[in-house]
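Presented below is the structure to which this report refers.
Just so it is clear: chains get the letters A, B, ... in the order the sequence lines come, proteins before strands, and each one is counted from 1.
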There are 2 protein chains.
Amino acid sequence: MHKEHTLTKNQQIIFDIIDKSPEPLKAYSILFNVQKKGIKAPLQVYRALDKLVEIGKIHKIESRNAFIACQNSSCQVAKATAFSICEMCEKVTEISSTGLSKYLTNFKDKEGMKYSKYNLEFFGLCKKCRT
Amino acid sequence: MHKEHTLTKNQQIIFDIIDKSPEPLKAYSILFNVQKKGIKAPLQVYRALDKLVEIGKIHKIESRNAFIACQNSSCQVAKATAFSICEMCEKVTEISSTGLSKYLTNFKDKEGMKYSKYNLEFFGLCKKCRT
DNA sequence: CTTATAAATGTTATATTATTACATAGTGTT
DNA sequence: AACACTATGTAATAATATAACATTTATAAG
């Protein structure tokens, strides 16, 4: 079993903001939002973000430089992530498909190499934006 | 059939540097390398990069903010990309697996949504770094 | 409980990555 | 020539991220 991570003060503050947000948040937008709570410097935000990513509480959307809370309840480690991104409204959703994650986790390249981690980002138009 | 894109002067200079490099290049490292050729400003580099990505001659490795020449001969459009990245030596290789690209191109999420584009990055240790 | 160690914090400065805004020049039509 | 379109040049600045160092807090070992 995994050890439950108890978040520190800064980590908790920053996680809460990301978790409550309906959309991915950028580091400096987070910073702006927590300045009233005493977090004044970028580094304080980035350190919390790094830790939260490391323990799998949040994920980074690489193509957007933004962070989203993990949707898969109790995802402890960030080693197999997949997202859909609407190119119109920028809505991002974490994909949890057993088939997909099995396929990718077991994927071997031409030389038989298996990978320990992956990140996949799908792009298209969401339901709303297609209508 | 696709129209062959004739690269402009700046685009050609920047593509050549990326194409010759054994590793992904970052925008400012490219800038540094082309200053002798008269390209002086970041924007000149970014504009060429944008265009080259758009026409599929190069790809951006999102997790590294770096650019690599397309390995799939005559890949004209950047809409289905997959890479392996060594977390030790940072070697990046474009994966060309028909199985993988078929699987992902046809992937539908829970709501039946199909996507027009994807980018996948695998992480692990390359052959050399595992020994 | 105290000492040692690791993890987290606070703060300043700076590095790296990317875009806005505006002026100019080339290219290809009609 | 007149038009639209794409690319270029240049300066300034915005947005994203890390280095370096001092201090504090949490955790574990004796």
Does A/K9 make a side-chain N or O approach to OP1 or OP2 of D/dA26 shorter than 4.0 Å?
-> no
Polar side chain donor-acceptor pair, A/E121 to A/S63, under 3.5 angstrom | yes
Could you tell me whether the phosphate oxygens of D/dT8, OP1 or OP2, come under 4.0 Å of any side-chain nitrogen or oxygen in B/K51?
-> no
Nearest-Å distance for atom pair CD/P, residues A/E62 and C/dT17 = 14 Å
Rounded distance in Å - CD1 (A/I14) to P (D/dA17) = 14 Å
Exercise: do A/N119 and A/E62 side chains pair donor with acceptor under 3.5 Å = no
Between A/N65 (CG) and C/dT19 (C1'), how many Å, whole number?
-> 13 Å
Distance-only polar pair, side chains of A/Q12 and A/N10, donor-acceptor under 3.5 Å | no
Could you pull out all residues at least two apart from B/F83 that satisfy ring pair (Phe, Tyr, Trp, His ring centres under 6.0 Å)?
-> B/H59
If you measure from CD on B/E111 to OG1 on A/T93, what distance do you get to the nearest 0.5 Å?
-> 7.5 Å
May I have the distance from A/R64 (atom CZ) to D/dA17 (atom P), rounded to whole angstrom?
-> 14 Å
Whole angstrom is fine here: how far is it from CG in B/L7 over to C1' in D/dT8?
-> 15 Å
Respond yes when some side-chain nitrogen or oxygen of A/T8 is under 4.0 Å from OP1 or OP2 of D/dA26, and no when none is.
-> no
Calculate the interatomic distance between A/D50 atom CG and D/dT18 atom P; express it in whole Å.
-> 7 Å
How long is the line joining CD of B/Q12 and P of D/dT8, in whole Å?
-> 11 Å
Atom OG1 in B/T98, atom NZ in B/K102: separation rounded to 0.5 Å?
-> 6.5 Å
Residues touching DNA chain D, which here means a heavy atom under 4.0 Å, drawn from residues 19-48 of chain A = A/K26, A/Y28, A/L43, A/Y46
Verify whether the ring centers belonging to A/F107 and B/F122 lie closer than 6.0 Å.
-> yes
Please give, in whole Å, the distance from C/dA8 C1' to A/I13 CD1?
-> 13 Å
